[in-house]
Amino acid sequence: MTTALLSTADELHARVRRGRRAVVMTMGALHEGHATLIRAAREIAGPDGEVVVTVFVNPLQFGAGEDLDRYPRTLDADLRLAGRAGADAVFAPSVEEVYPGGEPQVRITAGPMGGRLEGATRPGHFDGMLTVVGKLLHLTRPDVALYGQKDAQQLALIRRMVRDLNFGVEIVGVPTVREEDGLALSSRNRYLAPEERATALTLSRALFAGRDRHAAQEALRARALEVPSTHARAEALSAIGESRAAADAHAVATATPGGPAAVRAAARQILDEAARFDPPLDLDYLALVDPADFTEIADDFTGEAVLAVAARVGPTRLIDNIPLTFGSPGAAL
């Protein structure tokens with residue numbers, strides 16, 4: 001497949017469209033995580049559709065002291081990877097093409113969710129992100145746009161923007177791609193020295209520890225729901241010589257799993273240990289949140305949640321998350 005390199009919206013709009021157009025938005029420095037998004041887009045678009053990958057390093061997303069100038073720019077390599085993954089075109093506009101009037105005075109505001117977690121650490125970041133995503137959705141005119149779940153808060157805000165502002169495009173989230181050692185793929189991973197990478201692995205280890213604690217809790221919850229908790233049942237078991245089974249049945253039936261607090265504690269233990277590494281992990285936040293608004297969940301929460309972490313290792317800032325499901329709505333022990 002020959003992948004076209006386009007630099008203007010006019011070039012993109014001149015292309016003949018026969019099927020669905022699927023867009024993958026990136027800031028370049030493409031890696032296997034991006035390739036997974038492009039392959040998913042190819043599957044959605046089908047053989048008669050079109051897959052467009054955008055490559056644009058958006059200056060509005062970078063705050064003072066962040067790595068705009070240092071952010072890797074590898075357009076030739078990006079074009080090759082996009083083509084191998086199934087892209088029909090790479091749209092790599094200039095800053096002047098995206099912002100023809102200079103830095104925009106009218107922007108999309110992320111609202112309350114945009115001030116939490118990543119937004120609290122990086123003020124204005126999500127306003128800049130939504131503004132450029134809105135612009136690129138208008139410029140590329142897709143039927144569907146795909147984003148990675150590694151940037152969970154970004155994905156949630158894009159979905160909210162599209163719904164609130166009636167963009168008329170389908171948004172698809174694609175699961176996080178990890179390297180063999182568990183580190184979530186990121187363009188910033190290339191900044192890590194070997195000893196820094198060893199420390200960075202504690203982000204995913206912390207999330208997995210929280211996930212494992214959660215799995216054990218949910219197994220206990222499910223078992224408890226299956227076992228009667230009445231004293232009569234326990235006494236009946238004991239009367240026929242099953243005292244051990246009676247004790248186990250009663251303990252399981254009346255046990256209360258540790259819930260979100262235990263999940264946070266399991267992850268926090270790993271991160272606290274990493275703070276003593278050389279080089280140390282400098283934690284920004286660990287949060288267990290409702291993906292609808294990215295507020296912390298309560299101990300009696302049921303439904304979908306996101307366990308998220310952000311930290312610095314040396315000069316490099318990394319984020320990661322995993323989805324979790326607590327119980328089922330209406331379930332109770």
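Nothing fancy with the numbering, it's 1 onward along the sequence. Worth knowing before you read on, the calculation uses all heavy atoms, side chains too, and leaves out hydrogens, waters and symmetry mates.
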Quick check on Arg213: does its CZ atom have over 12 non-hydrogen neighbours (other residues, nucleotides or ligands) under 6.0 Å away? no
Within the structure provided, determine whether Pro112 and Asp293 are in side-chain contact (heavy-atom separation under 4.5 Å). no
When clusters are formed by joining ILVMFWY residues with side-chain heavy atoms under 4.5 Å apart, either directly or through shared neighbours, do Tyr99 and Val57 land in the same one? no
Begin from the C-alpha positions of Val306 and Leu288 and carry the test side-chain contact (heavy atoms from CB on, under 4.5 Å) through to its verdict. CA-CA 6 Å; Val306 173; Leu288 184 55; over 6 Å; no
Give a yes or no on whether Val23 and Leu6 share a hydrophobic cluster (residues Ile, Leu, Val, Met, Phe, Trp, Tyr; joining criterion: side-chain heavy atoms under 4.5 Å apart). yes
Nearest 0.5 angstrom please: Gln153 CD to Arg116 CZ, how far? 9.0 Å
Using side-chain heavy atoms (C-beta onward) and a distance below 4.5 Å, is Val309 in contact with Leu207? yes
Could you tell me whether Arg178 and Glu32 have a side-chain N and a carboxylate O separated by less than 4.0 Å? no
side-chain contact (heavy atoms from CB on, under 4.5 Å) between Gln149 and Leu155, intermediate numbers included: CA-CA 7 Å; Gln149 292 178 356; Leu155 175 59; 3.9 Å; yes
Note: with side-chain heavy atoms under 4.5 Å as the link, the other cluster members for Leu30 come out as Leu5, Val24, Leu37, Ile38, Ile44, Val51, Val53, Val55, Leu75, Leu79, Leu81, Val90, Val144, Leu146, Val172, Val174
So does Arg268 pair up with Glu273, basic N to acidic O under 4.0 Å? no
Do His214 and Phe326 have ring centres separated by under 6.0 Å? yes
Which residue pairs pass the ring pair (Phe, Tyr, Trp, His ring centres under 6.0 Å) test with at least one member in residues 3-37, sequence neighbours excluded? His31-His34
Name every donor-acceptor pair, under 3.5 Å, that has one atom in a side chain of residues 280-287 and the other anywhere in the protein, sequence neighbours excluded.
from, atom 1, to, atom 2, distance (Å)
Asp284, OD2, Arg317, NE, 2.6
Asp284, OD2, Arg317, NH2, 3.2
Tyr285, OH, Glu118, OE2, 2.6

Heavy-atom count check: over 12 atoms from other residues, nucleotides or ligands less than 6.0 Å from Glu43 CD? no
Under a 4.0 Å N-O cut-off, is there an ion pair linking Glu179 with Arg197? yes
Are the charged groups of Asp48 and Arg17 less than 4.0 angstrom apart, N to O? no
